[in-house]
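Every heavy atom of this structure was used, including side-chain atoms; hydrogens, water molecules and symmetry mates were not.
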Amino acid sequence: MSHPGDSGRSLKVLHVDDDPMNLRVVQEILGAFGHQAVMACSGKDALDRLAVETFDLMLLDIHMPGMTGIEVIERLRESPGPERTTPVIALTADVYSRRPAEYVALGFNDFVSKPILVSGLMATIKRCVGHASITPQALKTA
């Protein structure tokens, strides 16, 4: 049986969120679709992991203490390593402050609003993995 958002292969997904419950929920969703969730609880932890591990995709919370998701995406896209091209989906409960196109302009590949709907998350993952290379304008020149 095919699930919505199936990419035909198992994905290694870095999920970054400061809320342990959100991390757990997304881990369960991804696991149910045969994907591996690697959890990070801060922007710094995410960037450290990306520097030494390869991921198919990153799910990144926007509002986190310390380093916001916006700061993480800026640093990621400016980094010199291959991780700079990792597809990134913004996760946010604040759907009123930015339009989807604004997230793309910031360097994200797409966004999903919270609370997360399984079908919406999996469809967005499929879109991003299907178009895994980010657009050149999303990469900031160093």
Would you say the side chain of Val118 lies within less than 4.5 Å of the side chain of Phe33, judging by non-hydrogen atoms? yes
Take atom CZ in Arg75; do more than 12 heavy atoms of anything else shown fall under 6.0 Å from it? no
Could you tell me the separation between the CG atom of Asp19 and the SG atom of Cys41, rounded to the nearest 0.5 Å? 11.0 Å
Could you go through the side-chain contact (heavy atoms from CB on, under 4.5 Å) check for Met58 and Val16 one step at a time? CA-CA 8 Å; Met58 177 165 59; Val16 189; 3.7 Å; yes
Considering only NZ, NE, NH1 and NH2 on the basic side and carboxylate oxygens on the acidic side, decide whether Lys114 and Asp17 come within less than 4.0 Å. yes
Membership question, hydrophobic clusters at under 4.5 Å side-chain separation (ILVMFWY): are Val13 and Met21 in the same one? yes
Please check if the side chain of Glu53 supplies one atom and the backbone of Leu50 the other of a donor-acceptor pair under 3.5 Å. no
Using side-chain contact (heavy atoms from CB on, under 4.5 Å), reason through Thr86 and Leu57 one step at a time and then give a plain yes or no. CA-CA 6 Å; Thr86 303; Leu57 179 75; 5.7 Å; no
With sequence neighbours excluded, what pairs up with Thr68 under the side-chain hydrogen bond (donor to acceptor under 3.5 Å, both in side chains) test? Glu71
Could you tell me whether a side-chain N or O of Arg84 sits under 3.5 Å from a main-chain N or O of Glu78, the two making a donor and an acceptor? no
Check step by step if side-chain contact (heavy atoms from CB on, under 4.5 Å) holds for Asn22 and Asp61. CA-CA 10 Å; Asn22 289 340; Asp61 183 31; 5.7 Å; no
With clusters defined by side-chain heavy atoms of hydrophobic residues (ILVMFWY) lying less than 4.5 Å apart, directly or transitively, does Leu59 cluster with Leu23? no
Using the ring of each side chain (for Trp, its six-membered ring), is Phe108 parallel, tilted or perpendicular to Tyr103, with breaks at 30° and 60°? perpendicular
Taking NZ in Lys44 as the centre, count heavy atoms belonging to other residues, nucleotides or ligands within less than 6.0 Å. Is the count above 12? no
Sorted by chain and number, sequence neighbours left out, side-chain hydrogen bond (donor to acceptor under 3.5 Å, both in side chains) with Thr92 holds for none
For the residue pair Asp110 and Cys128, what are the closest heavy atoms and their distance? CB-SG, 3.6 Å
Just how far is it from atom CG of Leu14 to atom CD of Glu83, taken to the nearest 0.5 Å? 11.5 Å
For a quick test of reading the model, state the closest non-hydrogen atom pair linking Phe55 to Arg49 and the distance between them. CE1-O, 4.0 Å
Atom CZ in Arg9, atom NE2 in His35: separation rounded to 0.5 Å? 9.0 Å
Applying the 4.5 Å side-chain criterion to the ILVMFWY set and letting contacts propagate, would Val112 and Met39 be lumped into a single cluster? no
For Asp45 and Ser42, the nearest pair of non-hydrogen atoms, with its separation, is N-OG, 3.0 Å
Would you name the heavy atoms of Asp56 and Pro87 that are closest together and state the gap between them? O-CD, 3.4 Å
Among Leu91, Asp94, Ile70, exactly one meets side chain to side chain contact (heavy atoms under 4.5 Å, CB included) together with His63. Which residue is that? Asp94
Check the pair Ile89 / Ile125 against side-chain contact (heavy atoms from CB on, under 4.5 Å), numbers first and verdict last. CA-CA 8 Å; Ile89 297 171; Ile125 288 173; 3.9 Å; yes
